[in-house]
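Computed from a predicted model, the values in this text were never measured in an experiment. When reading the values below, keep in mind they use all heavy atoms of this one structure, side chains included, and skip hydrogens, waters and symmetry mates.
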Amino acid sequence: MEQVTGQGQASFARAPGLLLLGGAIVLAYILLAILAGSVSGYDPDIIDLNQLLQPPSALHWFGTDHLGRDVFSRVIHGARIDLYIGFAGVIAPLLIGTLVGLVSGFFGGPLDALMMRLVDLTVAFPFFVLVLAIVAALGPGVESYFIALACVGWVTYARIIRAEVLVIRSRDYIAAARTLGLHPLYILIRHVLPNAISPVAVYVMTDIALIIVFGASLGFLGMGSQPPTAEWGVMIADGQTYISSAWWICFFPGVAIVLLGLGFSFLGDGLASLLRAGR
């Protein structure tokens with residue numbers, strides 16, 4: 001008992017630092033995305049043939065690319081697109097997975113068996129391979145990526161929610177609610193969902209980071225955002241030919257992806273530590 005209490009106290013002490021650090025990183029990206037037009041100083045899509053492949057300098061902080069476009073401006077404006085991909089891409093998997101997990105875990109029976117077999121079938125294939133296959137079938141673009149995420153990404157949320165619901169439905173207050181004759185839908189929304197959603201909130205932070213990374217990967221492969229869009233994966237793809245002579249074209253958008261991913265990971269770790277400390 002003392003060991004468990006000590007672990008809980010350590011998790012609680014660790015949580016604020018992670019939450020503050022992760023929140024500061026994500027908030028900084030959001031502010032940069034909102035103020036991109038004021039901060040960047042250059043139009044991210046303007047081609048300047050007199051400034052081709054200029055290294056980082058006081059005039060161009062992150063240098064210029066093979067078309068003379070300011071890399072700093074493109075990185076800042078790319079935050080808008082990649083944050084949009086992360087936040088918008090998580091909505092459909094979260095809603096679908098939460099609904100499936102709630103219904104499957106609460107009612108059980110043949111419906112639960114059917115849903116779990118569908119989950120098992122989906123997770124039998126690598127996530128990124130399925131996303132690539134769906135995007136390839138629908139055609140390149142962010143919209144195709146969102147559809148692929150809705151088709152594949154819900155399974156993890158469903159498994160998390162279902163596991164929580166299986167524990168919650170055996171609690172005394174659920175039995176009391178059933179005894180009082182409350183409608184199952186009311187019990188689900190009022191009593192089950194609020195108590196089952198906490199682990200999902202932790203996973204959402206990690207999932208947003210993964211969605212951003214996968215979105216950038218699709219942009220790099222030419223299946224996500226399309227040129228001349230100032231998206232980090234597209235920028236890395238544009239700069240791969242010049243990696244030995246103009247490293248900055250790939251380097252700075254790559255750093256932007258890593259730092260944003262760390263921000264969301266820190267947020268997720270901080271929330272997880274708070275949950276562990278509260279148990």
Can you give me the closest heavy-atom contact between [X] and [Y], atom names plus distance?
| X | Y | answer |
| --- | --- | --- |
| Gly222 | Pro140 | O-CB, 3.7 Å |
| Ala216 | Glu231 | CA-OE2, 3.5 Å |
| Leu149 | Gly89 | CD1-O, 3.7 Å |
| Ala196 | Val165 | CB-CG2, 4.2 Å |
| Ile81 | Ser225 | CG2-OG, 4.0 Å |

**OP:** Let me see the working for Arg169 and Val192 under side chain to side chain contact (heavy atoms under 4.5 Å, CB included), right down to the final yes or no.
**Re:** CA-CA 7 Å; Arg169 74 177 186 180; Val192 178; 5.9 Å; no
Using the rule that two of Ile, Leu, Val, Met, Phe, Trp, Tyr join whenever any of their side-chain heavy atoms come within less than 4.5 Å, decide whether [X] and [Y] are in one cluster.
| X | Y | result |
| --- | --- | --- |
| Leu262 | Tyr203 | yes |
| Val152 | Val123 | yes |
| Leu49 | Ile249 | no |

Close aromatic pair by centroid cut-off 6.0 Å: [X] and [Y]:
| X | Y | result |
| --- | --- | --- |
| Phe146 | Tyr84 | yes |
| Tyr242 | His66 | yes |
| Phe214 | Phe127 | yes |

Hey, what do you get for [atom1] ([X]) to [atom2] ([Y]), rounding to the nearest 0.5 Å?
| X | Y | atom1 | atom2 | answer |
| --- | --- | --- | --- | --- |
| Leu210 | Met205 | CG | CE | 12.0 Å |
| Leu94 | Ile160 | CG | CD1 | 10.0 Å |
| Leu132 | Leu221 | CG | CG | 6.5 Å |
| Tyr145 | Ile211 | OH | CD1 | 5.5 Å |
| Asp48 | Leu67 | CG | CG | 10.5 Å |
| His191 | Arg171 | NE2 | CZ | 14.0 Å |

Side-chain heavy-atom pair [X], [Y] within 4.5 angstrom cut-off:
| X | Y | value |
| --- | --- | --- |
| Ile197 | Ile161 | yes |
| Cys250 | Met235 | no |
| Trp248 | Pro55 | yes |
| Asp112 | Arg162 | yes |
| Ile236 | Ile257 | yes |
| Tyr157 | Val100 | no |
| Phe264 | Thr206 | no |
| Asn195 | Tyr173 | yes |

**OP:** Please report the C-alpha distance between Val103 and Phe107 in whole Å, then the side-chain angles of each, then the deciding distance to 0.1 Å, and finally whether the side chain to side chain contact (heavy atoms under 4.5 Å, CB included) criterion is met.
**Re:** CA-CA 6 Å; Val103 173; Phe107 293 104; 3.8 Å; yes
Got a donor-acceptor contact below 3.5 angstrom from the [X] side chain to the [Y] backbone?
| X | Y | answer |
| --- | --- | --- |
| Thr64 | Leu53 | yes |
| Ser40 | Tyr42 | yes |
| Ser170 | Val167 | yes |
| Arg80 | Ala33 | yes |
| Trp154 | Cys151 | yes |
| Tyr29 | Ile76 | no |
| Thr229 | Gln226 | yes |
| Ser144 | Gly139 | yes |
| His77 | Ser73 | yes |

**OP:** For the pair Ile187 and Ile174, evaluate side chain to side chain contact (heavy atoms under 4.5 Å, CB included) and give the outcome as yes or no after the intermediate values.
**Re:** CA-CA 7 Å; Ile187 297 174; Ile174 300 298; 4.0 Å; yes
**OP:** Answer yes or no: are there more than 12 heavy-atom neighbours, outside Arg190 itself, under 6.0 Å from its atom CZ?
**Re:**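 Open: at most 12 neighbouring heavy atoms sit under 6.0 Å from CZ of Arg190.
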Original post:
Partners of Asp45 by salt bridge (Lys or Arg N to Asp or Glu O under 4.0 Å), sequence neighbours excluded?
Top reply: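 So Asp45 forms a salt bridge (Lys or Arg N to Asp or Glu O under 4.0 Å) with Arg74.
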Original post:
Between Phe252 and Phe62, how do the two ring planes meet: parallel, tilted or perpendicular, split at 30° and 60°?
Top reply: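 Rings of Phe252 and Phe62: parallel, under 30°.
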**OP:** Could you tell me whether Asp238 and Arg69 make a salt bridge, using a distance below 4.0 angstrom between a side-chain N and a carboxylate O?
**Re:**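 So Asp238 pairs with Arg69 through a salt bridge.
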Subject >> Ser265: side-chain contact (heavy atoms from CB on, under 4.5 Å) partners, not counting sequence neighbours >> reply: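 Listed in chain order: nothing, the list is empty.
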Subject >> Residue that, paired with Leu18, satisfies side-chain contact (heavy atoms from CB on, under 4.5 Å) out of Leu271, Asp269, Leu267 >> reply: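 That would be Asp269.
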